[in-house]
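Everything on this sheet refers to the single structure shown next.
Values below: all heavy atoms of this structure, side chains included; hydrogens, waters and symmetry mates excluded.
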Amino acid sequence: MIKKLFDKEILFDMKKIGLIAEFNPFHNGHIYLLNKIREKYPQSKIIVALSSNYTQRGEIAVASFAKRKAICKKYGVNQVLKLDFKTSTQAATVFASNAIKLLSKHHIDLLFFGVSDTNDISKYINAAKIIKSNKTTYDENIKRILKSGKSYVAASFESLRMLISDENIPEDILGFEYTKYIIDNNLDIELDCIKRTIAHASDESNFIYASGTNLRKMLKEKQDISLYSPMKIKRIKRIEDTYPKFQKIVKKTDASKLAKITLMSEGMENLFKKNINKESYDEFIAACTSKRYTASRIKRVYLYVLKKIYK
């Protein structure tokens, strides 16, 4: 009888904790994150919403969904949900909202994520609440700033800067989008965060930890990443290698038809036509990037052209 009551108490205290991830690749920093969740919430079930074989930056993941799913389950994740292609390859706002909607269907109690600036989630929650209580002003400022030619991300942070001091502005774009979505929609989901072992896009390592950005660079250069990741990755598919195919598609497709590609907007089809004779993928992306169009935005649209996904 005592054991039954004890078991019921454990079940009552168990939290369903959601993570949203690419694990591209899964590395020691992710193991650190999972261990910290177990330390802080010992009676927890960890559910991960994991991106497909393509990433938010419009690139090909360095390992398949199946391999990334298997390795994170090996290190303590209880359940893995697959984000569809269109969610996996969207900008932060859509990526965050769709991923949280998926996790909500599985009734998570708490969303946990890593950030570069703090261990105190209140910084993110307070900023999100300030935006919510000043929504009209915030949105009007974004529209005005966008007209000056800046990207949506830059406009959003500049608008927030008009409402809050710089030291209180969250640094992590995705983490902040998660927080805003939960606060804006009054979801019954707690929030928590942990400071990363190394900055998000850092090119540096500290003998144990390296950023995903750095590891992807190492993999492209065929360097050994075993010091920083338990994943065994022999070869990767490079989005750069698809450029000849992409060139053929853009050259033979009328601009009016290109304009109907998902995410293509504001005359971007003409920009693609103008720069399609650049010699490499990197040169093409650089030529199309501007204050209005970030490199990530161009890469996402590139992928949708390559996959011929129309609105």
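No donor-acceptor distance shorter than 3.5 angstrom exists from the side chain of K82 to the backbone of A66, with no hydrogens or angles considered. Without hydrogens or angle criteria, R238 side chain to I60 main chain gives no donor-acceptor distance under 3.5 Å. Under a 3.5 Å cut-off, the side chain of T242 and the backbone N or O of K245 do not form any donor-acceptor pair. Side-chain atoms of Q247 come within 3.5 Å of backbone atoms of I276 as a donor-acceptor pair (strictly under, hydrogens ignored).
F26 is linked by a ring pair (Phe, Tyr, Trp, His ring centres under 6.0 Å) to F23, H30, Y75, counting only residues two or more places apart in sequence or in another chain. Partners of K220 according to the salt bridge (Lys or Arg N to Asp or Glu O under 4.0 Å) rule, which considers only residues two or more places apart in sequence or in another chain, are E240.
A tilted orientation is assigned to the rings of Y304 and F85, their planes being inclined by 30° to 60°.
For the residue pair T87/D84, the side-chain donor-acceptor check at 3.5 Å is satisfied. Side-chain atoms of Y178 and D172 form no donor-acceptor pair, as typed in the model, at a separation below 3.5 Å. In the model, S116 has a side-chain atom that pairs as donor or acceptor with a side-chain atom of R196 under 3.5 Å. Remark: the D120 side chain and the S122 side chain contain an N/O donor-acceptor pair separated by less than 3.5 Å. With hydrogens and angles left out, the side-chain atoms of K132 and N186 include a donor and acceptor closer than 3.5 Å.
Residues L83 and E22 form no side-chain contact, since every pair of their non-hydrogen atoms from C-beta on lies 4.5 Å or further apart. Counting only heavy atoms from C-beta outward, the side chains of T137 and S159 never approach each other to under 4.5 Å.
Between F272 and F284, the ring centre distance stays below 6.0 Å.
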Candidate pair L146 and I142, rule side-chain contact (heavy atoms from CB on, under 4.5 Å), full reasoning: CA-CA 6 Å; L146 283 172; I142 288 177; 3.8 Å; yes
Criterion salt bridge (charged side-chain N to carboxylate O under 4.0 Å, His left out) on K135 and D139, from CA distance to verdict: CA-CA 6 Å; K135 195 73 169 64; D139 288 343; 2.8 Å; yes
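Because its NZ or CZ atom is both nearer than 6.0 Å to the ring centre of F176 and within 45° of the ring axis, K180 counts as a cation-pi partner of that residue.
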